[in-house]
Colleague: 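Have a look at this one before I ask anything.
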Amino acid sequence: MGILENKARARLFYKYLSKVYDQVNPFIWNEEMRTEAIGMLDLDPDDRVLDVGCGTGFGTEGLLDHVDEVHGLDQSVHQMEKAWAKFGRTDGPVRFYRGDAERLPFKTGSFDVIWSSGSIEYWPHPVRALREFRRVLKPGGQVLVVGPNYPETGIMQKVADSIMLFYDDEEADRMFSEAGFEEVEHRLMGPSYDPDVAITTVGRAPE
């Protein structure tokens with residue numbers, strides 16, 4: 001388990017990263033990638049959407065081009081403060097919650113779609129979190145998770161493993177299957193200088 005696959009360390013990490021996150025993020029996870037990922041979902045304007053690990057609201061912002069309202073959850077109040085500045089803390093198109101991906105504060109079958117970008121790499125127990133996703137999804141609802149693709153070289157794999165969760169499509173298949181998702185598909189994406197840096201996985205909750 002990597003050093004940042006620890007909730008307390010991840011919160012501390014984002015306390016400082018939040019100050020520059022919106023300036024750094026486009027070099028790793030940009031608008032073109034976000035648009036491509038959103039295109040993998042079947043979205044209707046009245047869908048109830050949850051953004052897990054919403055951070056400063058980058059994914060939320062793209063989702064709001066397609067749906068009327070998004071529910072954003074994050075464990076870092078410092079990241080969420082940036083999102084509140086964009087959307088309003090209480091009276092905007094986003095309803096915010098401070099919470100844990102592994103213990104979602106929502107009733108079973110609450111959402112049509114769950115989106116999570118740039119969050120799974122910090123979860124100590126990703127399958128546990130994915131099972132929570134399936135619990136709060138409506139039957140037939142969709143999930144989309146964007147995470148860091150596993151490096152190809154042995155040296156970089158060791159570096160990656162020491163920091164946080166990196167995984168390939170086989171590992172994604174295993175995690176989503178164990179969590180009970182169906183129709184699981186993957187797509188590699190990234191900026192032009194590193195087109196395979198991210199792995200985006202979509203799946204569907206059983207009907």
Side-chain angles (χ1 to χ4, degrees), residues 1-18 20-41 51-63 72-76 79 100-102 114-133 143-179 181 184-203:
M1 186 174 289
I3 190 172
L4 291 179
E5 288 176 84
N6 172 286
K7 294 170 187 177
R9 291 193 198 112
R11 283 194 296 270
L12 181 62
F13 176 68
Y14 271 106
K15 177 180 179 180
Y16 297 101
L17 183 62
S18 63
V20 296
Y21 184 86
D22 286 340
Q23 288 72 47
V24 173
N25 191 52
F27 294 100
I28 304 167
W29 174 237
N30 59 36
E31 290 186 12
E32 291 76 13
M33 295 165 65
R34 183 184 66 188
T35 299
E36 183 179 356
I38 289 174
M40 298 171 70
L41 293 169
D51 183 358
V52 176
C54 64
T56 65
F58 181 72
T60 306
E61 192 172 21
L63 290 164
L73 177 141
D74 204 282
Q75 70 159 346
S76 169
Q79 287 282 85
D100 187 332
E102 296 176 3
I114 295 181
W115 165 286
S116 184
S117 53
S119 181
I120 187 174
E121 54 264 40
Y122 304 105
W123 303 343
H125 307 286
V127 174
R128 185 182 301 172
L130 291 172
R131 285 175 178 155
E132 272 289 271
F133 285 18
V143 60
L144 181 147
V145 175
V146 184
N149 189 29
Y150 201 51
E152 294 183 358
T153 64
I155 293 176
M156 291 306 299
Q157 288 173 358
K158 290 180 180 179
V159 172
D161 289 340
S162 71
I163 300 172
M164 56 191 180
L165 176 67
F166 286 71
Y167 58 94
D168 57 16
D169 54 356
E170 290 185 6
E171 178 66 4
D173 277 334
R174 182 194 67 79
M175 292 189 296
F176 277 73
S177 176
E178 286 189 15
F181 286 104
V184 177
E185 301 178 6
H186 317 286
R187 186 180 300 179
L188 298 181
M189 56 181 64
S192 58
Y193 58 85
D194 195 356
D196 297 336
V197 69
I199 179 169
T200 299
T201 302
V202 293

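Atoms considered below: every heavy atom in the structure, side chains included; atoms not considered: hydrogens, waters and symmetry mates.
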Colleague: From Met189 CE over to Glu32 CD, what is the distance, rounded to the nearest 0.5 angstrom?
Modeller: 11.5 Å
Colleague: Would you name the heavy atoms of Trp115 and Ala37 that are closest together and state the gap between them?
Modeller: CH2-CB, 3.8 Å
Colleague: What is the minimum heavy-atom distance between Phe58 and Asn30, and which atoms define it?
Modeller: CZ-C, 3.6 Å
Colleague: Tell me, please, which residues at least two apart from Ser119 pass side chain to side chain contact (heavy atoms under 4.5 Å, CB included).
Modeller: Ser116, Trp123
Colleague: Answer yes or no: is there a side-chain heavy-atom contact under 4.5 Å between Val184 and Val202?
Modeller: no
Colleague: Restricting to non-hydrogen atoms, name the atom on Ala198 and the atom on Met33 that form the minimum distance, rounded to 0.1 Å.
Modeller: CB-CE, 4.1 Å
Colleague: Once rounded to the nearest 0.5 Å, what's the spacing between atom CD of Gln75 and atom CD of Glu102?
Modeller: 9.5 Å
Colleague: Compare every heavy atom of Ile120 with every heavy atom of Pro126, then report the nearest pair and how far apart it is.
Modeller: CB-CG1, 4.1 Å
Colleague: Sequence neighbours left out, what passes side chain to side chain donor-acceptor pair (under 3.5 Å) with Glu171? Give chain and number order.
Modeller: Arg174
Colleague: Just jot down the side chain to side chain contact (heavy atoms under 4.5 Å, CB included) partners of Asp194, sequence neighbours excluded, or say none.
Modeller: Val197
Colleague: Going by side chain to side chain donor-acceptor pair (under 3.5 Å), His186 matches just one of Asp169, Thr200, Asp173. Which one?
Modeller: Asp173
Colleague: Measure across Ala172 and Thr201 and return the closest heavy-atom pair with its distance rounded to 0.1 Å.
Modeller: CB-OG1, 3.8 Å
Colleague: Atom CZ of Phe176 and atom CZ of Arg131: how far apart are they, to the nearest 0.5 Å?
Modeller: 13.0 Å
Colleague: If the condition is side chain to side chain donor-acceptor pair (under 3.5 Å), which residues does Asp51 pass it with, not counting sequence neighbours?
Modeller: Thr60
Colleague: So, using side chain to side chain donor-acceptor pair (under 3.5 Å) as the criterion, who are the partners of Glu132 when residues are at least two apart?
Modeller: Arg135
Colleague: Any donor and acceptor pair, going by atom type alone, linking the side chain of Asn149 with main-chain N or O of Asp196 inside 3.5 Å?
Modeller: yes
Colleague: Distance check, rounded to the nearest 0.5 Å: Ile38 atom CD1 versus Leu144 atom CG?
Modeller: 8.5 Å
Colleague: Using every non-hydrogen atom in the two residues, find where Cys54 and Gly72 come nearest and quote the distance to one decimal.
Modeller: SG-C, 3.7 Å
Colleague: Test of understanding: with side chain to side chain donor-acceptor pair (under 3.5 Å), list the residues that count as partners of Glu36, not counting sequence neighbours.
Modeller: Arg187
